[in-house]
Amino acid sequence: MQIPSGAYWAIDYHFDWIAGAIMQFSNVEANGRFSNTPVSDRLDRLIQGNQEDTDLLVAFGNNIILMECKAAGGWNKKQLISKAKRIKLLKQFAEPLNDSVRIFPVLLSPDKPSEEVKKVAGIDSWPWIELADYGQESFSAVQRCGVNEKADRDGDDWHIIKA
């Protein structure tokens, strides 16, 4: 598949917004209320009212590519499980509306996610693209820390570190 030069690109695109875009693309009358599939766990609903997103969205024609990207650090199982669930819900939503909408999840990082992480998250079939020639040795990151300059997510200070 070749991505055309006029493709739509967006970063940090919320999953709720993707559902709305699919509905509009499918020419479904978008007035009134829609069922949010009443289930006991609100995290099993298509629209969750949170800011969970895909890192990079590329859309063209009837294709939607959803990229999860990591520049440094490992893949978080819990996060991948949640995102896999959201993408599955999007696919289930799109199919009856417009079976020509095609959603392609992709992983992008310098290091390949472990097979264990992919299996646990249920994303065995997602392709991985190596972020090659990234030059991690020159990459820096911002990190919260305490007064001792050790990583601390609740720290009141921050510093720049080599990734």
Side-chain angles (χ1 to χ4, degrees), residues 1-4 7-132 134 136 141-144 151 153-154 163:
M1 168 185 335
Q2 185 169 350
I3 299 172
Y8 175 81
W9 300 73
I11 59 171
D12 298 334
Y13 205 94
H14 295 200
F15 286 115
D16 289 0
W17 302 347
I18 297 169
I22 290 169
M23 182 169 273
Q24 288 188 321
F25 175 80
S26 300
N27 293 318
V28 173
E29 184 62 40
N31 295 326
R33 291 184 358 201
F34 301 94
S35 172
N36 201 23
T37 314
V39 291
S40 59
D41 184 351
R42 73 172 187 82
L43 296 179
D44 287 334
R45 293 181 176 186
L46 176 67
I47 304 299
Q48 295 182 10
N50 62 27
Q51 295 184 7
E52 187 172 30
D53 60 29
T54 188
D55 296 325
L56 175 65
L57 175 142
V58 181
F60 56 96
N62 62 338
N63 302 296
I64 304 170
I65 300 171
L66 304 175
M67 279 197 181
E68 290 307 312
C69 309
K70 288 281 181 214
W75 290 95
N76 179 306
K77 281 189 261 189
K78 184 177 177 185
Q79 183 182 40
L80 283 176
I81 289 168
S82 179
K83 290 191 181 206
K85 182 186 277 191
R86 296 296 298 270
I87 290 170
K88 181 179 178 185
L89 288 167
L90 284 169
K91 286 181 172 187
Q92 290 171 345
F93 170 70
E95 193 171 294
L97 291 179
N98 185 334
D99 63 3
S100 70
V101 171
R102 300 180 328 160
I103 299 172
F104 301 95
V106 176
L107 301 171
L108 174 75
S109 65
D111 300 315
K112 188 174 187 174
S114 73
E115 293 305 314
E116 177 202 351
V117 167
K118 288 180 76 171
K119 185 174 182 167
V120 169
I123 59 170
D124 305 54
S125 64
W126 291 15
W128 167 71
I129 299 173
E130 182 180 10
L131 186 56
Y134 183 62
Q136 281 188 303
V142 174
Q143 181 183 66
R144 289 183 70 175
R153 70 178 181 188
D154 297 320

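Quick caveat: nothing in here was measured; it's all calculated off a predicted structure.
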Self-check item: Derivation of the side-chain contact (heavy atoms from CB on, under 4.5 Å) call for Ile64 and Leu57
Solution: CA-CA 7 Å; Ile64 304 170; Leu57 175 142; 4.0 Å; yes
Interatomic spacing from [atom1] in [X] to [atom2] in [Y] - rounded to 0.5 Å:
X: Ser125; Y: Lys118; atom1: OG; atom2: NZ; result: 7.5 Å
X: Ile18; Y: Ile87; atom1: CD1; atom2: CD1; result: 7.5 Å
X: Leu108; Y: Ile65; atom1: CG; atom2: CD1; result: 12.0 Å
X: Lys77; Y: Ser114; atom1: NZ; atom2: OG; result: 7.0 Å
X: Ser109; Y: Leu131; atom1: OG; atom2: CG; result: 7.5 Å

Exercise. Decide if atom CD1 of Ile11 counts as having more than 12 heavy atoms of other residues, nucleotides or ligands within a radius under 6.0 Å.
Key: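 For Ile11, atom CD1 is not crowded (no more than 12 foreign heavy atoms under 6.0 Å).
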Quiz item: Checking side-chain hydrogen bond (donor to acceptor under 3.5 Å, both in side chains) against Arg86, which of Asp53, Thr54, Asp16 comes through?
Solution: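 With Arg86 as partner, Asp53, Thr54, Asp16 yield a single side-chain hydrogen bond (donor to acceptor under 3.5 Å, both in side chains), made by Asp16.
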Quiz item: Backbone N or O of Asp12 within a donor-acceptor pair of the Asp55 side chain at under 3.5 Å?
Solution: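 No; zero donor-acceptor contacts below 3.5 Å.
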Quiz item: Do Ile123 and Ile81 pass the side-chain contact (heavy atoms from CB on, under 4.5 Å) test, and can you show the C-alpha distance, the side-chain angles, and the key distance before you say yes or no?
Solution: CA-CA 8 Å; Ile123 59 170; Ile81 289 168; over 6 Å; no
Exercise. Mind running side-chain hydrogen bond (donor to acceptor under 3.5 Å, both in side chains) on Asn50 and Gln48 for me, showing each step along the way?
Key: CA-CA 5 Å; Asn50 62 27; Gln48 295 182 10; 3.3 Å; yes
Practice problem: Give me the ring orientation class for Trp17 and Tyr13: parallel if the planes are under 30° apart, tilted from 30 to 60°, perpendicular past 60°. | Solution: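 Rings of Trp17 and Tyr13: perpendicular, over 60°.
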Self-check item: Distance-only donor-acceptor check, side chains Arg102 and Asn63, under 3.5 Å
Solution: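 There is such a pair (donor and acceptor under 3.5 Å, judged by atom type) between the side chains of Arg102 and Asn63.
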Exercise. Given side-chain contact (heavy atoms from CB on, under 4.5 Å), test His14 with Gln51 step by step and report yes or no.
Key: CA-CA 6 Å; His14 295 200; Gln51 295 184 7; 3.5 Å; yes
Practice problem: For the pair Lys83 and Glu68, find out whether any cationic side-chain nitrogen is under 4.0 Å from an anionic carboxylate oxygen. | Solution: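 The answer is yes: the pair qualifies as a salt bridge.
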Self-check item: Ile3 and Phe60: CA distance, side-chain angles, deciding distance, side-chain contact (heavy atoms from CB on, under 4.5 Å) verdict
Solution: CA-CA 7 Å; Ile3 299 172; Phe60 56 96; 3.8 Å; yes
